[in-house]
Amino acid sequence: MKYQSMTEGRFVRRRNRFIAEVMVNGQCEAVHVRNTGRLKELFVENVPVLLEPASNPERKTRFSLVCVRKKEQWVNVDSAAPNQIVEEMVRSGRLFSDVTYIRREKTFGNSRFDLYVEHGEQKHFIEVKGVTLEAGGAARFPDAPTERGIKHIRELIEAKKQGFLASIVFVIQMKGISYFEPNKENHPEFARVLKEAKDAGVEILAFDCKVTEDSIEGDQPVPVVVE
């Protein structure tokens, strides 16, 4: 996944879920944040960030915030990137074999899942989660309680019971990760439900990404620790 004409700035503060203030070429700009998560461990004052210019010149904010510098690497925070990355990996055969049909967004029960895949006659629901939280080499999700995430996992468990294939794919939007685990501290219920899903036969996958100043690409599998 490529970005165009990236500009570097310095983070000032976050006004709300959608808008942050960034110093760009000596001026303070209001920029769109492509992630509604808290991201408190990333959004610290004066940290370098990467911005993509808006494709619509009439938009109120001229830039979208895409990456944040953490230690010696860029962390991608674009919440739209994980779905595209997983779709690309499915189409190339890197995630699943014998794929005969792919489409974005498919409803099962009361949930709409990110990807729907068929392997011949076998139907497969896939939920994708972007991960930007890292602590001590471990990637964790979520960074804030997510009732929607729990609902989706419960629906995947039901899909599995009904004979469908069901997978959760955690896309870790950085490198340098030793393993993935649910964030028990922020949302213990999510961790419990994820364990229920694993025990029910829902496939749980995680992989990291190569992130450059103008791209992000799904890379290597990461061990998943669910207990």
Side-chain angles (χ1 to χ4, degrees), residues 35-38 79-135 138-173 177-209 218-227:
N35 193 313
T36 58
R38 291 181 179 175
S79 61
N83 282 4
Q84 183 169 333
I85 290 168
V86 172
E87 182 177 0
E88 290 172 355
M89 294 181 77
V90 171
R91 290 189 182 278
S92 67
R94 291 180 59 193
L95 277 187
F96 309 109
S97 61
D98 303 321
V99 173
T100 54
Y101 177 78
I102 303 172
R103 64 169 281 185
R104 285 276 188 105
E105 298 189 347
K106 175 78 170 177
T107 298
F108 174 85
N110 295 314
S111 293
R112 186 170 60 186
F113 293 108
D114 296 311
L115 279 176
Y116 169 76
V117 171
E118 292 180 1
H119 313 263
E121 297 298 316
Q122 182 69 67
K123 297 175 171 58
H124 189 171
F125 292 96
I126 303 167
E127 180 67 7
V128 178
K129 303 293 186 187
V131 183
T132 60
L133 176 61
E134 176 272 337
R140 294 175 180 166
F141 182 93
D143 74 342
T146 169
E147 296 304 321
R148 181 171 174 269
I150 287 177
K151 173 190 168 188
H152 284 165
I153 294 175
R154 292 197 185 282
E155 294 277 16
L156 281 176
I157 293 172
E158 182 58 32
K160 183 64 178 177
K161 289 179 180 177
Q162 293 187 24
F164 298 99
L165 294 179
S167 301
I168 306 170
V169 183
F170 292 96
V171 179
I172 303 164
Q173 295 170 253
I177 297 299
S178 300
Y179 62 95
F180 167 83
E181 64 181 0
N183 194 344
K184 295 179 181 179
E185 295 178 6
N186 278 11
H187 202 179
E189 186 180 358
F190 182 89
R192 287 195 296 270
V193 174
L194 194 64
K195 177 64 162 57
E196 289 177 21
K198 179 184 177 183
D199 293 343
V202 175
E203 184 179 32
I204 303 172
L205 303 171
F207 59 87
D208 63 16
C209 291
D219 196 27
Q220 296 297 315
V222 170
V224 175
V225 178
V226 178
E227 55 186 25

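What's counted below: heavy atoms across the whole structure, side chains too, no hydrogens, waters or symmetry copies.
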Taking every non-hydrogen atom, the tightest pair across [X] and [Y]:
| X | Y | answer |
| --- | --- | --- |
| G130 | P82 | CA-CG, 3.6 Å |
| P145 | H187 | CA-ND1, 3.3 Å |
| P142 | L133 | O-CD2, 4.3 Å |
| K160 | G201 | CE-O, 3.4 Å |
| I150 | V193 | CG2-CG2, 4.0 Å |

Rounded to the nearest 0.5 Å, what separation is found between the [atom1] atom of [X] and the [atom2] atom of [Y]?
| X | Y | atom1 | atom2 | result |
| --- | --- | --- | --- | --- |
| K161 | I157 | NZ | CD1 | 7.0 Å |
| F96 | L115 | CZ | CG | 8.5 Å |
| Q122 | L165 | CD | CG | 4.0 Å |
| L156 | E203 | CG | CD | 11.5 Å |
| T146 | E189 | OG1 | CD | 10.5 Å |
| D208 | I172 | CG | CD1 | 6.5 Å |

Intermediate values then yes/no, side-chain contact (heavy atoms from CB on, under 4.5 Å), V86 and D114: CA-CA 10 Å; V86 172; D114 296 311; over 6 Å; no
Can you find a side-chain donor-acceptor pair between E158 and Q162 that sits under 3.5 Å?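 Yes, Q162 and E158 have a side-chain donor paired with an acceptor closer than 3.5 Å.
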Answer yes if the side chains of H124 and S167 hold a donor-acceptor pair under 3.5 Å, and no otherwise.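 Distance-only check passes for H124 and S167.
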Mind checking whether Y116 and Y101 have parallel, tilted or perpendicular rings, split at 30° and 60°?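 Perpendicular: the ring planes of Y116 and Y101 meet at over 60°.
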Can you confirm whether [X] sits close enough to [Y] that some side-chain heavy atom of one is under 4.5 Å from a side-chain heavy atom of the other?
| X | Y | answer |
| --- | --- | --- |
| F141 | P182 | no |
| V117 | I126 | yes |
| I85 | C209 | yes |
| E134 | I177 | yes |

Short side-chain to backbone donor-acceptor contact, [X] and [Y], under 3.5 Å:
| X | Y | answer |
| --- | --- | --- |
| H119 | T100 | no |
| E155 | N110 | yes |
| R94 | G218 | yes |
| N183 | D143 | no |
| S111 | F108 | no |

Criterion side-chain contact (heavy atoms from CB on, under 4.5 Å) on F170 and L194, from CA distance to verdict: CA-CA 12 Å; F170 292 96; L194 194 64; 4.2 Å; yes
For [X], I'd like to know if atom [atom1] has over 12 heavy atoms of other residues, nucleotides or ligands within 6.0 Å.
| X | atom1 | value |
| --- | --- | --- |
| E147 | CD | yes |
| D199 | CG | yes |
| R103 | CZ | yes |

Full working for ring-ring contact (aromatic ring centres under 6.0 Å, His included) between F207 and F180: CA-CA 9 Å; F207 59 87; F180 167 83; over 10 Å; no
Between E227 and K184, is the side-chain contact (heavy atoms from CB on, under 4.5 Å) condition met? List the steps. CA-CA 10 Å; E227 55 186 25; K184 295 179 181 179; 3.9 Å; yes
Salt-bridge test for R104 and E87: reply yes if a basic N is under 4.0 Å from a carboxylate O, no otherwise.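 Result for this pair is yes, salt bridge flagged.
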When you check the gap from the basic side-chain N to the acidic O, do E127 and K129 get nearer than 4.0 Å? yes
Take I153 and I168, measure what side-chain contact (heavy atoms from CB on, under 4.5 Å) needs, and give me the verdict at the end. CA-CA 8 Å; I153 294 175; I168 306 170; 3.9 Å; yes
Could you check, using the six-membered ring where one of them is a Trp, whether F113 and H152 have ring centers closer than 6.0 angstrom?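 F113 vs H152: aromatic centres under 6.0 Å.
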